[in-house]
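A short worksheet on the structure shown next.
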Protein chains: 2
Amino acid sequence: MNRLAEIAKLAGVSAATVSRTLNRPELVAERTRVRVMNAVQATGFRPNELARSLRQQGSRSIGLVVTDLNPFHATLVKAVQDTAEQNDLNVILFTSDDSESREREALLTLRSHMPQGLILIPTAHTRQHQKLLQGLTVVELDRESGLTGTHTVQAQNRQGALEAVRHLTALGHRNIGAIFGQLHISTARARFEGYVQALQEAGIAYDETLVRYGNDLEASGRAAALSLLAEAARRPTALFVSNHEMTVGAIIALRSLNLKIPRDLSLASFDDSRLMLLHEPPISVVAQPTYELGKRACEVLVRALEGGEPQHLRLEAPFIPRGSTAPP
Amino acid sequence: MNRLAEIAKLAGVSAATVSRTLNRPELVAERTRVRVMNAVQATGFRPNELARSLRQQGSRSIGLVVTDLNPFHATLVKAVQDTAEQNDLNVILFTSDDSESREREALLTLRSHMPQGLILIPTAHTRQHQKLLQGLTVVELDRESGLTGTHTVQAQNRQGALEAVRHLTALGHRNIGAIFGQLHISTARARFEGYVQALQEAGIAYDETLVRYGNDLEASGRAAALSLLAEAARRPTALFVSNHEMTVGAIIALRSLNLKIPRDLSLASFDDSRLMLLHEPPISVVAQPTYELGKRACEVLVRALEGGEPQHLRLEAPFIPRGSTAPP
DNA sequence: GTGAAAGCGCTAACAG
DNA sequence: CTGTTAGCGCTTTCAC
């Protein structure tokens, strides 16, 4: 006997009535409703979500695919999770590690769970997985893949980078090194454009020997910083690093070279954290509203599920000058 | 027509045969198998997990309930996630925030998804949720609740704290302040015991005015440190903080009091991170093998699902002395 | 080695 | 307002 039928027997009604009481109580007579609810309370009954989702052709779950699980992503996940819970949704989490196969696997697995929708940090491979997104409400978070029909929630990456590098040029820096992610990732591209624009505004020629590209992980930031400081024809007096993990790598590199911030090199970076704040000196950063990004992504998804046009949110990412940036 | 039936038609067999081909290919003739697999490949078919789980009375999912989602937990989650994926399991994530209602909600929701098992960071309320764990294979991670029949995977908390405080006494400290979590949490209790033992070994009387208790979050560490340094009858010359977030809070407190580490106060803490490593001076820590903890928890769960005695793993948490600890 | 049929636990039409 | 019935997509007997 299934659980629902048990309750039904206990309350002396049919299974359908129990189901109705739980899902559309207004259709049930008060007397009956009370009787059923008592039985439900007494047994601690919860309908089987699998059966319910199967029957309803859709679950109360949403997918969340992140590219990694560093502190930035953890905050995003927490925000999505909290917001989902408020909307009676639960989250199936995947990590793609920016890998094509893991992303595909995540999307395939997700689909087989009949999710309501999907919040996704897209990767370079997302476009080729377009078919797997068919029929799903998709919110792209943090980055954008260029796919049409999806919603997007991201920071004002270009503007943030622009302000950071403007700050450096205003301090008098002319040789400004920079480390970005791969330029086919929208965030890296936007931050790169902000960097270039700030140079232009200051009348500084763009010099490709001052720029390196990593993969957003710490090790690549370290390698990029070492390469930049060892090889650059003109040694930079300031460094702009476009994500948190690579900044950590850069800081480690600077220490190994025994360079003092900001005396030997000014450092400005993307993504605030307590590490950046407690560093000596504190690091000047572009502060993305991380929790807010995740929260809004989930809210956009919820609204989208109720129907509506694609939404495209861009949250402000203010630059916060701190002790790591000084005149050359 | 359901998807399975579609494949069946395409391959000219019955639905049952398609199902067999996917799940128990050895029962199917080679010729048929090839034909079915071709149809599956061609269409990119994935069986509906909901239907499958319902029919099989069990899903391929495991629950993961963490108390928070700070960097420590993020690493645990990633480890569990990675290991689960290798075992063809997927993870349903919940955050309890150490709250009774959120933990109960998580367990109720989880049950309705027919999970294989559960990895759980227990809270003070887990014991009263014992009924909700009935029939589930449970691995307690990081902490232990005292429930019987569960598996446990945790660090050697007492030993770690013991070594840290021994280090402080060896340096000559006699007034050693300490900040712990609530003592009914097993990790806090074990670390407290390590602290007390180290004092005993050094012939130092335990002084309760030197001890504070927080809730494992940053703000409480800050408050505890301020209280300790402002009010303690004998001002401590060293401070042991028993978790990462509270250590961050303590560091902030020390700065606000303009106390220099280790000149004015030695600091030793629990949980390594890049923040601790890059802090100036680097913080001496008890380094839990965080990723390993999550990985082993998942491995224990997988093994437990195949049957077997309750396992109780305790991983070493070595103390790493760094620049934040010095003679008084 | 394969197909027909039943059923996992639930919800939605349809009667009454 | 409530009960009966069918069926979501799959797997698993049970025959053949």
Side-chain angles (χ1 to χ4, degrees), chain A residues 1-37 39-40 43-61 88 90 108-116 135, chain B residues 1-37 39-40 43-61 88 90 108-116 135:
Chain A
M1 177 165 53
N2 64 40
R3 305 267 287 117
L4 219 182
E6 253 174 66
I7 307 296
K9 200 159 97 179
L10 243 166
V13 296
S14 73
T17 297
V18 178
S19 173
R20 269 190 220 103
T21 308
L22 261 21
N23 299 306
R24 329 184 69 226
E26 69 280 10
L27 298 182
V28 177
E30 164 117 29
R31 268 177 48 92
T32 320
R33 194 165 55 210
V34 170
R35 210 137 36 89
V36 172
M37 287 314 280
V40 168
T43 55
F45 172 71
R46 266 279 177 118
N48 183 314
E49 272 297 334
L50 265 28
R52 164 186 241 258
S53 302
L54 180 60
R55 175 59 232 243
Q56 298 198 139
Q57 293 291 84
S59 70
R60 293 291 297 167
S61 304
D88 193 26
N90 65 302
L108 280 167
T109 303
L110 186 63
R111 287 185 71 95
S112 72
H113 285 262
M114 308 181 97
Q116 285 282 311
Chain B
M1 174 167 51
N2 63 41
R3 306 262 290 116
L4 219 181
E6 253 174 66
I7 306 297
K9 200 160 95 177
L10 242 166
V13 295
S14 73
T17 298
V18 177
S19 173
R20 272 192 214 101
T21 307
L22 261 22
N23 299 305
R24 329 185 66 224
E26 70 279 10
L27 297 182
V28 176
E30 163 120 31
R31 269 178 47 95
T32 320
R33 194 165 54 212
V34 171
R35 211 137 35 91
V36 172
M37 287 314 281
V40 169
T43 55
F45 172 73
R46 267 279 177 117
N48 182 313
E49 273 298 333
L50 266 28
R52 166 186 240 259
S53 302
L54 180 59
R55 175 60 232 243
Q56 295 196 142
Q57 292 292 83
S59 71
R60 292 291 297 168
S61 303
D88 194 25
N90 64 301
L108 280 168
T109 303
L110 186 63
R111 286 184 72 94
S112 72
H113 285 262
M114 309 182 94
Q116 285 283 310

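Chain letters run A, B, ... following the sequence lines, proteins first, then strands; residues in each count from 1.
One atom, NZ of A/Lys9, and another, C1' of D/dG3, lie 17 Å apart when rounded to the nearest Å. D/dG9 atom P lies 22 Å from atom CZ of B/Arg60, rounded to whole Å. Rounding to whole angstrom units, NE2 of residue B/His113 and P of C/dG9 are separated by 16 Å. To the nearest angstrom, P of C/dG9 lies 17 Å from CG of A/Asn23. Rounded to whole Å, the distance from CZ on A/Arg35 to C1' on D/dC1 is 12 Å. In this entry the distance linking CD of B/Glu6 with P of D/dC8 reads 13 Å, nearest Å. Rounded to an integer number of Å, the gap from B/Arg52 CZ to D/dT11 P is 5 Å. Atom CG of B/Leu22 and atom P of D/dT12 are 12 Å apart (whole Å).
Base contact: A/Leu27 has a heavy atom under 4.0 Å from a base atom. The residue B/Ala16 sits close to a base: some heavy atom pair falls under 4.0 Å.
Taking 4.0 angstrom as the limit, B/Asn48 places none of its side-chain polar atoms (N or O) nearer than this to OP1 or OP2 of D/dC10. Put simply, B/Thr17 has a side-chain N or O that comes within less than 4.0 Å of OP1 or OP2 on C/dG3. Within the 4.0 Å cut-off from OP1 or OP2 of C/dT2, at least one side-chain nitrogen or oxygen of B/Thr32 is found. Side-chain N/O atoms of A/Gln57 include none lying less than 4.0 angstrom from OP1 or OP2 on D/dG7. Taking 4.0 angstrom as the limit, A/Arg3 places none of its side-chain polar atoms (N or O) nearer than this to OP1 or OP2 of C/dG9. At least one side-chain nitrogen or oxygen of B/Gln56 sits closer than 4.0 Å to the OP1 or OP2 atom of D/dT12.
Under 3.5 Å, the side chain of B/Arg55 and the base of C/dG9 form no donor-acceptor pair of N or O atoms. Taking 3.5 Å as the limit, the base of C/dG1 and the side chain of B/Arg31 contain no donor-acceptor pair of atoms between them.
When atom types are taken as modelled, the side chain of A/Ser19 and the backbone of A/Ala15 share no donor-acceptor pair closer than 3.5 angstrom.
Using a 4.5 Å heavy-atom cutoff, the side chains of B/Asn48 and B/Arg3 are not in contact. Side-chain contact check for A/His113 versus B/Ser61: some heavy-atom pair is nearer than 4.5 Å.
Of the residues A/Gln57, A/Glu49, A/Gln56, the one that meets the side-chain contact (heavy atoms from CB on, under 4.5 Å) test with A/Ser53 is A/Glu49.
Closest-nucleotide positions on DNA chain C for B/Ser14 and B/Met114 were compared, and the one nearer the 5' end corresponds to B/Ser14. Where B/Leu50 and B/Arg24 meet DNA chain D, the nucleotide closest to each residue was compared, and B/Leu50 sits on the side nearer the 5' end. Where B/Leu54 and B/Arg20 each meet DNA chain C at their nearest nucleotide, the meeting point lying more 5' is that of B/Arg20.
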Practice item. Let me see the working for A/Thr17 and A/Thr32 under side-chain contact (heavy atoms from CB on, under 4.5 Å), right down to the final yes or no. Key: CA-CA 8 Å; A/Thr17 297; A/Thr32 320; 3.8 Å; yes
Practice item. Check step by step if side-chain contact (heavy atoms from CB on, under 4.5 Å) holds for B/Leu22 and B/Met37. Key: CA-CA 8 Å; B/Leu22 261 22; B/Met37 287 314 281; 4.1 Å; yes
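With distances taken from any side-chain atom of B/Ala29 to the nucleotides C/dT11, C/dG1, D/dG9, the minimum falls on C/dG1.
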